[in-house]
Amino acid sequence: MTADSTQMQRPVMNPHEKRMQTIQAVLYVIAIILGLINGFYGSEFWIQTGEFISTIFIRLFRFIAVPIIAVSIIATLSQISRSTESGRIFRHSVFYTLLTTILAASLAAILFEVFSPANVTLSDTTEASAAIAGIKGKSYFDYITSVVPDNAIAPFLSANVLSVLLIAAAVGIAIAKLPHDSREQRVLMAFFSGLQAVLFTLVGWIIMILPLGIFGFFTVLAKEINAGVAVGGLGTYFATVLTANFIQMLIVLPALLLLRGINPIRVFKGMLPALTVAFFSKSSAGTLPVTMRCSEVNLGVKESVSRFVLPMCTTINMNGCAAFILITVVYLMQNAGVDITWSTLAVWIFIATIAAVGNAGVPMGCFFLSASLLASMNVPILLMGVILPFYAVIDAIETTLNVWSDSNVAVLVHKDLYGDI
């Protein structure tokens with residue numbers, strides 16, 4: 001790699017760009033403060049306005065996320081015939097994805113033993129039964145089956161991220177296998193490259209007005225906090241889930257960065273806008289446009305890495321989901337009378353890792369996947385109806401962890417291949 005190409009992939013901000021970044025950071029702080037004030041003390045009209053803004057921004061991120069996933073994968077894989085770089089990126093990505101997910105599931109298993117959450121005795125209620133209606137009868141194999149598309153359009157309309165990933169991978173590899181430098185290959189590669197540039201222009205526009213979205217997000221958060229939540233006898237269970245997420249987020253992943261000579265604080269600062277969006281959107285797929293932009297602009301991750309690793313990690317790198325699945329499934333099995341041993345936990349480390357890899361990066365994805373796993377084993381899932389009201393907070397933290405892990409994988413892959421993070 002030449003010095004020129006190194007400079008291109010790691011842009012140096014000029015004084016104007018630094019000034020704009022500072023202004024944007026100030027606007028973020030102002031938006032957070034105004035959102036909290038509005039959520040706690042605002043009139044009904046202004047609270048509804050904040051909720052409206054929040055909904056609009058989440059819809060915008062979801063709108064652009066699926067096209068970016070598809071186009072980024074196609075554009076990257078279509079280059080395989082021209083270099084061996086994509087193959088190296090893929091191998092490193094899979095290694096770090098499996099490593100971080102296994103670490104998350106293993107940590108969750110250890111913490112389950114440490115906290116040993118007590119069983120909860122529940123009576124059957126219509127409300128709880130309704131909350132889990134429609135989940136029973138479905139198995140994990142149903143999710144695997146749903147990944148295989150039966151037409152080319154449905155996965156995009158339903159935002160089935162795994163199906164979109166499969167279609168994009170197939171199309172990208174097919175383009176790469178066309179006769180080298182043929183007219184067809186050049187036209188298709190130029191088309192997807194141009195479409196990718198258009199999508200990132202749209203992302204830039206959304207980023208410009210993101211402070212408005214943050215105002216809406218914090219309005220909704222403050223309103224939910226103001227309503228009050230009681231955890232009752234499930235406190236230890238929730239403490240186990242949250243502790244697993246925070247240790248993975250604040251200790252395990254930063255330690256992995258430090259082992260590779262990377263400053264985790266610098267990475268955190270660079271990814272802060274993406275982590276903020278992840279927390280409030282509760283969708284790692286919806287946050288993808290911001291995640292990619294932050295990694296490239298703020299951290300200097302090469303486009304060939306970020307635009308391949310991050311869309312893939314959005315689908316398969318689910319640290320928070322792995323921890324939630326293991327703790328929740330094992331906890332409900334325990335409530336159903338199953339004796340939980342270390343061998344049981346070891347088996348579920350493997351299952352939770354595979355299940356997390358197969359989970360889509362959408363809100364509530366881990367909840368419904370956990371419920372389906374339990375239902376397929378004929379384990380009573382009434383308790384899921386009780387967990388459901390509190391899952392919004394867990395989902396927000398899990399999504400933040402997932403995006404943080406995705407960012408770490410991208411940085412680690414770039415470090416391995418180019419060594420200049």
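- Surrounding CH2 of W205 are at most 12 heavy atoms belonging to other residues, nucleotides or ligands under 6.0 Å away.
- Taking a 6.0 Å sphere around CD1 of I153, one finds it holds 12 or fewer heavy atoms contributed by other residues, nucleotides or ligands.
- Checking each of F218, F215, F57 against F280 for a ring pair (Phe, Tyr, Trp, His ring centres under 6.0 Å) leaves exactly one that passes, namely F218.
- For T291, the side chain to side chain contact (heavy atoms under 4.5 Å, CB included) test picks out M271, A274, T287, L310, V403, S407, with sequence neighbours left out.
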Derivation of the side chain to side chain donor-acceptor pair (under 3.5 Å) call for Y96 and S405 = CA-CA 9 Å; Y96 285 119; S405 178; over 6 Å; no

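- With E398 contributing its side chain and A323 its backbone, the two residues share no donor-acceptor pair below 3.5 Å.
- For E113, there are no salt bridge (charged side-chain N to carboxylate O under 4.0 Å, His left out) partners two or more places apart in sequence or in a different chain.
- Among residues two or more places apart in sequence or in another chain, the side chain to side chain contact (heavy atoms under 4.5 Å, CB included) test is passed with S343 by T341.
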Could you walk me through whether L99 and L256 pass the side chain to side chain contact (heavy atoms under 4.5 Å, CB included) test, one step at a time?
-> CA-CA 10 Å; L99 174 62; L256 195 57; 4.0 Å; yes

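- Under the side chain to side chain contact (heavy atoms under 4.5 Å, CB included) criterion, L27 pairs with I23, P211, not counting sequence neighbours.
- For CZ of F268, the number of neighbouring non-hydrogen atoms (other residues, nucleotides, ligands) closer than 6.0 Å is 12 at most.
- Evaluation of the side chain to side chain donor-acceptor pair (under 3.5 Å) test over residues 252-261, restricted to residues two or more places apart or in two chains, returns R260-D416.
- Listed by chain and residue number, L36, A222, I225, N226 satisfy the side chain to side chain contact (heavy atoms under 4.5 Å, CB included) test with F40 (two or more places apart in sequence, or in another chain).
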